[in-house]
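Proteins get letters first, then strands, A, B, ... in listed order; numbering begins at 1 in each.
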There are 2 protein chains.
Amino acid sequence: MPGARDLPHPDAASLVLTDVLFALSDPSRLALVRRLAQGPLEVAACQPTGGEVPKSTLSHHLKTLREAGVVRNVPEGRQRYVSLRREDLDDRFPGLLDAVLGTTAEEDPGGSV
Amino acid sequence: MPGARDLPHPDAASLVLTDVLFALSDPSRLALVRRLAQGPLEVAACQPTGGEVPKSTLSHHLKTLREAGVVRNVPEGRQRYVSLRREDLDDRFPGLLDAVLGTTAEEDPGGSV
DNA sequence: GGCATGGTTCGATAATAGTTGAACTATCGG
DNA sequence: CCGATAGTTCAACTATTATCGAACCATGCC
């Protein structure tokens, strides 16, 4: 199996809090994480609900989330599934994700992506 | 009373999650917040435990934290006291601060300020 | 008033992060 | 194998942040 298309993911134990906070500090990324909290999505479905964003831009945000350890991005046939690394996050930073997701997005003028 | 030296602070109800997350996403700011969790400090005492940082740089970080609503900065005689807005944060984002502070800073290569 | 002290604000520069088109890689269906 | 599809990576550009010296502002003390 040449070129297994697997992207690098930090392992659960080595997640860095500030990196996670930074990844979540962008309104568009946070909005996506909220959606991912309800289940995995293929990359194309990670597009903001309303408008469209260039693929490269979306991919860049996914990279930020992935490198921080917030999401996992696995190839599945010709597409990729993006999922929240909930267990790993809960394990490493207990209560953090719940606290972040608990806030019912009253804010975020920018929202989405 | 001219020039009461009061700095603007967002009120509790209008705190924005992403702004708070961003403010906490910097290792030096997070390290300071951890120290403030143990009680207020005058600005000079906000210096990183080891090294020294220019006053303007420190002031800039305090501004970021203050504008996000993470800390309060009140004049007291000729100095200023910086304190964590714990109640406001707990009120607005229940569990967030506890989760962030709960992590016993194993990380953060940069630390401090 | 004059001056030291404690901090903020300004302005310039350096460093990081975001945005995007184009090129590239992999997979699946004829 | 060819083309279409799904995404990532690259490179260039823009925008936001960080850093820090210098100027500035208030307070307290003499």
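Nearest approach of B:P10 to B:E67, heavy atoms of both residues: CG-O, 3.6 Å.
Atom CD in B:E76 sits roughly 13 Å away from atom P in D:dT27 (whole-Å rounding). Separating the NZ atom of B:K63 from the P atom of D:dT17 is a distance of 11 Å, rounded to the nearest angstrom. In this structure, the NE2 atom of A:H60 is 12 Å from the C1' atom of D:dT9, given to the nearest Å. Residue B:L7 contributes atom CG, which lies 9 Å from atom C1' of C:dG7 at whole-angstrom precision. Between A:N73 atom CG and D:dA6 atom P there is a gap of 15 Å when expressed in whole angstrom units. The NE2 atom of A:H9 sits 13 Å away from the C1' atom of D:dT8 (whole-angstrom rounding). Between the CG atom of A:L41 and the C1' atom of D:dA6 there is a distance of 15 Å, rounded to whole Å. In this entry the distance linking NZ of B:K55 with C1' of C:dG6 reads 6 Å, nearest Å.
For C:dA26, the OP1/OP2 oxygens have no side-chain nitrogen or oxygen of A:R80 closer than 4.0 Å. In this model, the phosphate group of D:dT19 is approached by a side-chain N or O of B:H61 to a distance below 4.0 Å at OP1 or OP2.
A distance-only check finds no donor-acceptor pair linking the side chain of A:R80 to the backbone of A:V43 [under 3.5 Å]. In terms of modelled atom types and a separation under 3.5 Å, the side chain of B:R72 and the main chain of B:R85 share no donor-acceptor contact. The backbone N or O of B:N73 lies less than 3.5 Å from a partner atom in the side chain of B:H9, making a donor-acceptor pair.
With D:dT19, D:dA18, D:dT8 as the candidates, the nucleotide lying closest to the side chain of B:T57 is D:dT19. The side chain of B:R78 approaches D:dT27 more closely than any other nucleotide in the set D:dT27, C:dT8, C:dG21. Distances were taken from every side-chain heavy atom of B:S59 (C-beta onward) to each of C:dA26, C:dT19, C:dT8; the shortest belongs to C:dT8. Of the candidates D:dA6, C:dA26, D:dA18, the closest approach to any side-chain atom of A:Q79 belongs to D:dA6.
At a threshold of 4.5 Å between non-hydrogen side-chain atoms, the residues A:V100 and A:V33 do not count as touching.
The base of C:dG21 is paired with the side chain of A:S56 by a donor and an acceptor separated by under 3.5 Å.
Comparing A:F22 and A:P54 against DNA chain C, the residue whose closest nucleotide sits nearer the 5' end is A:F22.
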